[in-house]
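One-based numbering, in listed order, for ligands and for the atoms of each.
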Amino acid sequence: MLPLIVENLRFTGQHGPIIKGVNFSLNDAGVTVVMGPNGAGKSVLLRLLHGLLKVNSGQILWNGTGLNEALRKRQSLLFQRPVLLRRSVLANLRFVLKQRHISADDETCLNLLSRVQLDHVAYRSARHLSGGEQQRLALARSLALKPEVLLMDEPAASLDPVSTKMIETIVRDQRANNTKVIFVTHDVSQAHRVADDVLFLHHGEVLEHTSASTFFEQPQSTQARQYLSGEIVV
Ligand SMILES: Nc1ncnc2c1ncn2[C@@H]1O[C@H](COP(=O)(O)OP(=O)(O)OP(=O)(O)O)[C@@H](O)[C@H]1O
Ligand SMILES: [Mg+2]
């Protein structure tokens, strides 16, 4: 169980500030959806939370502790475009388990693959899977590590409805299993379906962090209102 406190977080890239001193805290349960226009800093924020980028100043406290290797292992970050090994579907799964020294027999792996409906292609090359299937394999790989925090960066962007639905079902299952999910999406209907709370980012600042119902029904900022009504947000 890893509640999160972010204090005065700043990150600057080559071309200037990207995350501009943000403060928020998240419960250790439920699904937090991160929304905001292109370039708002959503992916950078997720990478900072997972320690893939180094903060310039401020703090990220998971259960009161700064990120360390042990904490990182309790999280998993799923990218929009998964990076898979040029090996079979099953071997991709076995590889991550072996890296973490988790023993898993074929039956356990096949069970995981059946959760994302890939057991029938277990022995096929992962590179030959469709985009949606690759994302489902990446998700199975994440789940295999039993993360307490699942960070998902637009996991269903440009996927077919079947894969999208499967991902949302798994998000709900994980939530029911007390996994904290932080989920970036541009899809407003999807956010409606999965969010408990919404963090709205704009130009590297948190403009809103409220319950999902408040965000969708009474967004406070002009930018969130424009975003939700499909207008261009500048
Ligand atoms: N690793 C990095 N180092 C420095 N700057 C970065 C890095 N990654 C992204 N940026 C810059 O940070 C800004 C925010 O990018 P980010 O990818 O977080 O946006 P986003 O909100 O995820 O947008 P999108 O909805 O298009 O995915 C962009 O201007 C981008 O060029
Ligand atoms: Mg992004």
Looking only at heavy atoms, the pair that brings I167 and P155 closest together is CD1-O, 3.6 Å

Would one find more than 12 heavy atoms of other residues, nucleotides or ligands at under 6.0 Å from atom [atom1] of [X]?
X: R225; atom1: CZ; result: yes
X: Q99; atom1: CD; result: yes
X: H128; atom1: NE2; result: no

Side chain, backbone, both or neither: [X] near ligand 1, heavy atoms under 4.0 Å:
X: L53; result: side chain
X: Q80; result: neither
X: H186; result: side chain

Protein N/O/S atoms closer than 2.8 Å to the Mg ion (ligand 2), ordered by chain and number, come to S43 OG

Ligand 1 to E154, heavy atom cutoff 4.0 Å, flagged ligand atoms 25 (O), 27 (O)

Closest to atom 19 (O) of ligand 1 (heavy atoms only, candidates G39, G36, G13) is G39

If you compare V44, V34, N38, T12 by their heavy atoms, the one closest to atom 10 (N) of ligand 1 turns out to be V44

The closest protein heavy-atom partner of atom 13 (C) of ligand 1 is I18 CG2, 3.8 Å

The protein heavy atom nearest to atom 17 (O) of ligand 1 is S43 CB, 3.6 Å

Distance flag for atom 31 (O) of ligand 1, protein heavy atom under 4.0 Å:
no

Point to revise | Within-4.5 Å side-chain heavy-atom neighbours: L67 and I60 | key: no

- Task: Could you tell me whether the side chain of F216 reaches within less than 4.5 Å of the side chain of S211, counting heavy atoms only?
- Result: no

In terms of side-chain heavy atoms, does [X] have a donor or acceptor partner in [Y] at a distance below 3.5 Å?
X: D105; Y: T108; value: yes
X: T32; Y: K180; value: yes
X: T210; Y: E208; value: no

**Prompt:** Any Lys/Arg nitrogen of E69 or K73 sitting under 4.0 Å from an Asp/Glu carboxylate oxygen of the other?
**Reply:** no

*May I ask you to check if ligand 1 and Q14 share an N or O to N or O distance below 3.5 Å?*
no

Backbone or side-chain N or O of A40 under 3.5 Å from ligand 1 N or O
yes

May I have the list of side-chain donor-acceptor pairs in residues 6-13 shorter than 3.5 Å, sequence neighbours left out?
none

